[in-house]
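Order of appearance sets the numbers: ligands from 1, and atoms from 1 within every ligand.
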Amino acid sequence: MEKYSQFRDRGSGIAPFFPISSTPAGIYLPVHIFLFLFKLPFFVTVATTYFLFLQWFPLGSLFKKAILWMILGIPGIWWIDLQIDGVKKGSLAKKHEGRIPQPSSIIASSFTSPIDSLYLAAIFDPIFTVSYPHTRQVRRISLLGAILRALSSPQDQPPKSAKLTDLKTLLVENPQRVVVVFPECTTTNGKGILPFSPSLLTTPAQTKIFPISLRYSPPDITTPVPRHYWSFIWNLLSQPTHCIKVRIAEVVYNTSKPTDHATEKKDRYLTNFLDTLGEDSAMTSSTDTLTSLSDQPAEVNPEEKRILDKVGEALARLGRVKRVGLTVKDKAAFVEAWSKKRR
Ligand SMILES: *[C@@H]1O[C@H](CO)[C@@H](O)[C@H](O)[C@H]1NC(C)=O
């Protein structure tokens with residue numbers, strides 16, 4: 001592990017890119033092999049039928065969601081533990097009003113597994129987007145694209161040929177849809193929240209941004225290392241069940257609330273002070289220190305940064321983890337080092 005110490009967050013020691021290995025099956029190995037072989041044909045049949053054929057037909061959102069639930073159900077993902085900020089567990093659905101994403105809102109989701117997109121699609125039938133660290137523009141992708149994105153290499157820049165847009169435009173063009181953003185840009189193992197892309201800043205001021213954290217138990221179906229298709233499918237299908245912990249935070253708007261003068265002054269002082277140190281101001285209250293402000297795109301002003309920080313803090317709080325300073329670039333370096341070791 002020690003040779004990978006550069007891929008730990010310097011302040012908190014969190015290593016967000018290491019794959020999480022499963023608990024050894026031990027004597028249950030034959031059961032796991034049986035489960036895998038039993039579920040695989042169903043899983044492959046339903047998934048390919050959907051993604052090759054059914055998704056192209058105008059079958060209605062409800063029908064499509066039903067099939068997506070089947071794709072989730074076959075591996076045993078049916079324990080959904082949902083908690084919404086400000087709503088007591090098990091309270092009436094009426095109380096949820098305004099606290100769950102509706103058409104024309106944005107979901108800022110944690111990004112750890114292909115299941116993230118599948119689950120969000122089964123609930124919200126949203127539009128998926130890819131964000132990049134240094135641009136406010138996003139690339140629209142399909143559900144399958146979003147699922148595969150969780151298993152592909154980190155991208156620091158959009159591909160040259162990519163057609164880019166921004167969240168404002170997407171919302172105007174699709175007033176009946178929810179738009180999903182993965183502001184961390186690349187997957188982690190769920191142990192830390194990476195610095196955000198500025199893409200959320202193109203959200204119109206009246207649009208609701210819902211930070212949503214998805215955690216898995218057991219956590220071995222997260223895919224921080226790209227292209228580990230087989231271990232993902234094995235971990236997914238060989239276990240009897242998986243649980244998703246879904247946490248929805250209170251809405252964040254892309255505006256800054258007027259703060260009272262004193263705190264603002266203090267904030268500004270701290271921001272300047274920490275900026276000169278080359279560190280992030282977000283973590284002033286906790287012990288961890290972000291390591292690489294230089295990777296934050298320079299075009300984000302303090303006001304905008306505060307909004308990104310607010311969403312980032314919400315995701316960290318919901319996931320019971322910390323924000324880290326490691327970036328998409330660090331992950332790319334990690335993946336390279338990791339695959340060398342394997343060779
Ligand atoms: C979002 O908020 C930031 C900070 O207040 C502002 O700079 C940006 O223009 C806003 N974006 C939109 C689309 O209103």
Hey, does the side chain of Thr129 reach the backbone of Val180 with a donor-acceptor pair shorter than 3.5 angstrom?
yes
Considering the heavy atoms of [X], write down every atom of ligand 1 situated less than 4.0 Å from one of them.
X	answer
Thr202	13 (C)
Ile307	2 (O), 4 (C), 5 (O)
Thr203	11 (N), 12 (C), 13 (C), 14 (O)
Glu303	4 (C), 5 (O)
Lys168	13 (C)

Share the residues that join Val31 in a hydrophobic cluster, the rule being Ile, Leu, Val, Met, Phe, Trp or Tyr side chains under 4.5 Å apart at the heavy-atom level.
Ile27, Tyr28, Leu35
Between Lys305, Glu304, Gln206, flag the one that comes closest to atom 6 (C) of ligand 1 by a heavy atom.
Glu304
What residue pairs, at least two apart or across chains, pass ring-ring contact (aromatic ring centres under 6.0 Å, His included) with a residue in residues 149-174?
none
Select one of side chain, backbone, both or neither to describe which atoms of Asn254 lie under 4.0 Å from any atom of ligand 1, heavy atoms only.
both
Assess the residue pair Asp81 and Arg215 against the criterion (salt bridge (charged side-chain N to carboxylate O under 4.0 Å, His left out)); give the C-alpha distance rounded to whole Å, side-chain angles, the decisive distance to 0.1 Å, and a yes or no.
CA-CA 10 Å; Asp81 169 20; Arg215 273 184 303 155; over 6 Å; no
Compute the centroid of each ring, for Phe334 and then for Phe7, and state whether the two points are separated by less than 6.0 Å.
yes
Are the aromatic ring centres of Phe18 and Tyr4 under 6.0 angstrom apart?
yes
Around Tyr229, counting heavy atoms of other residues, nucleotides and ligands shown, do more than 12 lie under 6.0 Å from its OH?
yes
Can you tell me if Thr255 contacts ligand 1 (heavy atom of the residue under 4.0 Å from the ligand)?
no
Is Leu201 close to ligand 1, meaning an N/O of one under 3.5 Å from an N/O of the other?
yes
